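Accompanying notes for the structure given below.
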Amino acid sequence: MFRGNPVEPERIRAVNRRPFRPGRYVLYWMQASQRAEWNPALTTAVSLANAQNLPVVTVFGLTPKYPEANLRHYWFMVNGLREVQEKLTDRRIHFVARVGDPPEVALALAQDAAAVVMDVGYLRHQRAWRTEVAERAPCLAVEVEGDVVIPVHLAYPREAWNALALRRRISPLLDRFLRPLAELEPEKTALGLDLESLDLREPAAVLAELPVDRAVPPVELPAGTEAARARLAEFLEKQLPRYHEERNNPALGGTSGLSPYLHFGQISPVEVAWRTAQVGGPGASAFLEELIVRRELAVNFVFYNPNCDWFSGLPVWAKETLKKHAADPRPAKYSLEELELARAHDPLWNAAQNELLRTGRIHGYMRMYWGKQFILWTNDPEEAFRYALYLNNKYALDGRDPASYAGVGWCFGLHDRPFPERPIFGRVRPMTGAGLRRKFSMDAYLARWKKETP
């Protein structure tokens, strides 16, 4: 059935036992991999369709009730989907976008499909959506894993406690999975099919009719695969040669800036990793460690840990030590509103929060410092965890992502080791403003972000 498909078979998994049947088209339910190229799920759908002389239809369910999402996230996503619609149309693939619960949108088109191909989501609700479609679809349903370099089941069979454990499993597999994806073109056009869809050529008009939370405004960041590739090309040329030396310095802006694009599936991590590996050098090695090992450690965490978004999902030693010191005197306590408005006494933390408010991102090293200060300034570590995750998910373009849950968790001891015991933090690794200033000259960063956002 998958003869001629260039996608590695380990990425493909049948999720029900129904047969490939006569139908009007092969349906690709796009949800996580929001791109028209380097997309293994789309390529698999084209392969199936060509084998049966059928066209390909791609459907996207646009729900206004996505957990914790607001206008900032929807704006970036819908602008990216506009490009997807254009590119798929050029490839004679009918792209259908409809407002509604994503599984219901997919199942409506599955009624006339010969088979349904799905990309993979790792969060709790994303997995529930795909389970529902697999159970209710009247035809074969297949999942294809295209937003990690190494498929999660293959990378590690259970929750990995740290990067070392995962790295040992991933490294021998890279030669097999880190390679370009040969694109297949559909042999039969789907453009003549009469299927109702949103017109995404005017994203502002679509969003004006969508009842989403409008409390957080969009940011000025171009969306879509071509914007992601432009940013990648700039990074490879300008920042990558010094990435291993400058990535942690908040004043230098040496990070890739690709996390929003990876979060929305607008660029393939395999494409990013492959192009980086072609450049090579110590900067490439350091970046690939972050992109593959650290990012996929986060995917492993949310996939295997059912409490990944709760304090209870942290390692036992970290929970115990933080609770032991929960009653320690704090240097200050702030309400969620005060923190949200960047009104702490610490100008470094306020600068990081202002960067988040204005741009939807925080420099990677500053985000670690930002996250750890919640432990110092709240009533107890569980409240600290809730506040940090809430603000990250509300304002970050890459919020609500496996990397977000693992990143916040790391500030509380996840994927880390115990340190010498001290007040408040217990044995969890501390980060202090004094330490930050000893490592880096923070004047430029403060000057850029010190002014409060109204």
Side-chain angles (χ1 to χ4, degrees), residues 24-37 39 41-42 45-46 49 55-113 116-119 121 125-126 129-130 132-133 136-137 186 189-214 216-219 221-228 260-261 263-267 397 400:
R24 297 175 65 198
Y25 45 75
V26 169
L27 180 68
Y28 165 36
W29 173 31
M30 174 186 288
Q31 210 64 45
S33 305
Q34 297 173 23
R35 59 186 183 274
E37 298 151 306
N39 185 335
L42 175 61
V46 173
V56 178
V57 171
T58 298
V59 62
F60 185 88
L62 182 58
T63 172
K65 299 178 180 179
Y66 194 93
E68 298 185 90
N70 54 54
L71 184 61
R72 173 171 291 182
H73 308 114
Y74 282 101
W75 180 268
F76 191 79
M77 182 178 71
V78 174
N79 275 273
L81 289 171
R82 172 180 58 180
E83 180 185 88
V84 172
Q85 186 177 59
E86 293 170 353
K87 287 189 172 187
L88 290 184
T89 299
D90 289 343
R91 295 179 64 185
R92 306 194 303 169
I93 296 171
H94 199 326
F95 182 79
V96 177
R98 293 180 181 176
V99 175
D101 181 53
E104 294 298 336
V105 170
L107 287 164
L109 271 76
Q111 302 310 307
D112 291 327
V116 176
V117 179
M118 308 181 281
D119 47 38
H125 63 279
Q126 295 170 336
W129 285 351
R130 287 157 178 82
E132 181 179 355
V133 171
R136 294 175 55 195
T189 182
L191 299 184
L193 296 173
D194 184 16
L195 298 170
E196 183 180 353
S197 173
L198 295 170
D199 185 349
L200 298 180
R201 289 176 295 181
E202 297 293 338
V206 172
L207 289 166
E209 299 297 321
L210 203 64
V212 302
D213 177 4
R214 300 180 184 275
V216 182
V219 297
L221 183 69
T225 299
E226 294 311 313
Y261 302 103
H263 169 70
F264 286 99
Q266 294 177 358
I267 192 167
L397 275 173
R400 307 151 298 111

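All values below come from the heavy atoms of this structure, side chains included, with hydrogens, waters and symmetry mates left out. Quick caveat: nothing in here was measured; it's all calculated off a predicted structure.
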Please report the interatomic distance CZ(Phe95) to NZ(Lys87), rounded to the nearest 0.5 Å.
13.0 Å
Shortest non-hydrogen pair, Gly80 vs Ala223, comes out as N-CB, 3.8 Å
Ring geometry between Tyr66 and Trp129 (parallel below 30°, tilted from 30 to 60°, perpendicular above 60°):
perpendicular
Give me the atom names and distance for the closest heavy-atom approach of Pro222 to Tyr261.
O-OH, 2.6 Å
If only atom types and distance count, is the side chain of Arg35 paired as donor or acceptor with the main-chain N or O of Gly265 below 3.5 Å?
yes
Candidate pair Val99 and Glu209, rule side-chain contact (heavy atoms from CB on, under 4.5 Å), full reasoning
CA-CA 10 Å; Val99 175; Glu209 299 297 321; over 6 Å; no
Shortest non-hydrogen separation from Glu196 to Arg98 and the atoms involved:
O-NE, 2.8 Å
Is Gln111 reaching over with its side chain to a backbone N or O of Leu107, donor-acceptor style, under 3.5 angstrom?
yes
Output, in order, the C-alpha distance, side-chain angles, deciding distance and verdict of side-chain contact (heavy atoms from CB on, under 4.5 Å) for Val117 and Trp29.
CA-CA 6 Å; Val117 179; Trp29 173 31; over 6 Å; no
Check: Phe60 and Val96 side chains under 4.5 Å, non-hydrogen atoms
no
Are the aromatic rings of Phe76 and Phe264 close, with centres under 6.0 Å apart?
yes
I'd like to know whether Leu42 forms a side-chain contact (heavy atoms from CB on, under 4.5 Å) with Met30, so could you lay out the CA-CA distance, the side-chain angles of the two residues, the decisive distance to 0.1 Å, and finally the verdict.
CA-CA 8 Å; Leu42 175 61; Met30 174 186 288; 5.6 Å; no
Got a second to check how far Ile93's CD1 is from Gln85's CD, nearest 0.5 Å?
13.0 Å
What one should report as the nearest heavy-atom pair of Ala110 and Leu27 is N-CD2, 3.8 Å
Spell out, as yes or no, whether a donor-acceptor pair under 3.5 Å connects the side chain of Arg92 to the backbone of Pro186.
yes
Does the side chain of Gln266 come within less than 4.5 Å of Glu83's, by heavy atoms?
no
Pairwise side-chain contact, Val57 with Val26, heavy-atom cut-off 4.5 Å (strictly under)
no
So, do Glu68 and His73 sit near enough that their side-chain heavy atoms are less than 4.5 Å apart?
no
Could you report the tightest heavy-atom contact between Pro55 and Ala49, atom names first, then the distance?
O-CB, 3.9 Å
How many angstroms lie between CG in Leu195 and CG in Leu193, if you round to the nearest 0.5 Å?
5.5 Å
Taken in chain and number order and not counting sequence neighbours, the residues that satisfy side-chain contact (heavy atoms from CB on, under 4.5 Å) with Ala32 are Asp119, Arg130, Asp147
Distance from Arg82 atom CZ to Leu198 atom CG, nearest 0.5 Å?
14.5 Å
Step by step, work out the salt bridge (Lys or Arg N to Asp or Glu O under 4.0 Å) result for Glu37 and Arg91.
CA-CA 11 Å; Glu37 298 151 306; Arg91 295 179 64 185; over 6 Å; no
Check: Arg214 side chain, Leu71 main-chain N or O, donor-acceptor pair, under 3.5 Å:
no
Do side-chain atoms of Gln34 reach the backbone of Gln31 as a donor and acceptor pair under 3.5 angstrom?
yes
Between His94 (side chain only) and Thr58 (backbone N and O only), is there a donor and an acceptor less than 3.5 Å apart?
no
Please check: side-chain N/O of Thr63 versus main-chain N/O of Asp101, any donor-acceptor pairing under 3.5 Å?
no
Gap separating the CD atom of Glu226 from the CD atom of Glu86, nearest 0.5 angstrom:
10.5 Å
Calculate, to the nearest 0.5 Å, the distance between atoms CG and OH belonging to Asn39 and Tyr28 respectively.
4.0 Å
Answer yes or no: is there a side-chain heavy-atom contact under 4.5 Å between Met118 and Val133?
yes
With the side chain counted from C-beta on, respond yes when Val56 and Tyr25 share a heavy-atom pair under 4.5 Å apart, and no when they do not.
no
Backbone N/O of Gly121 and side chain of Gln126: donor-acceptor pair under 3.5 Å
no
Between Ala106 and Val59 the two heavy atoms that sit nearest each other are CA-CG1, 4.3 Å
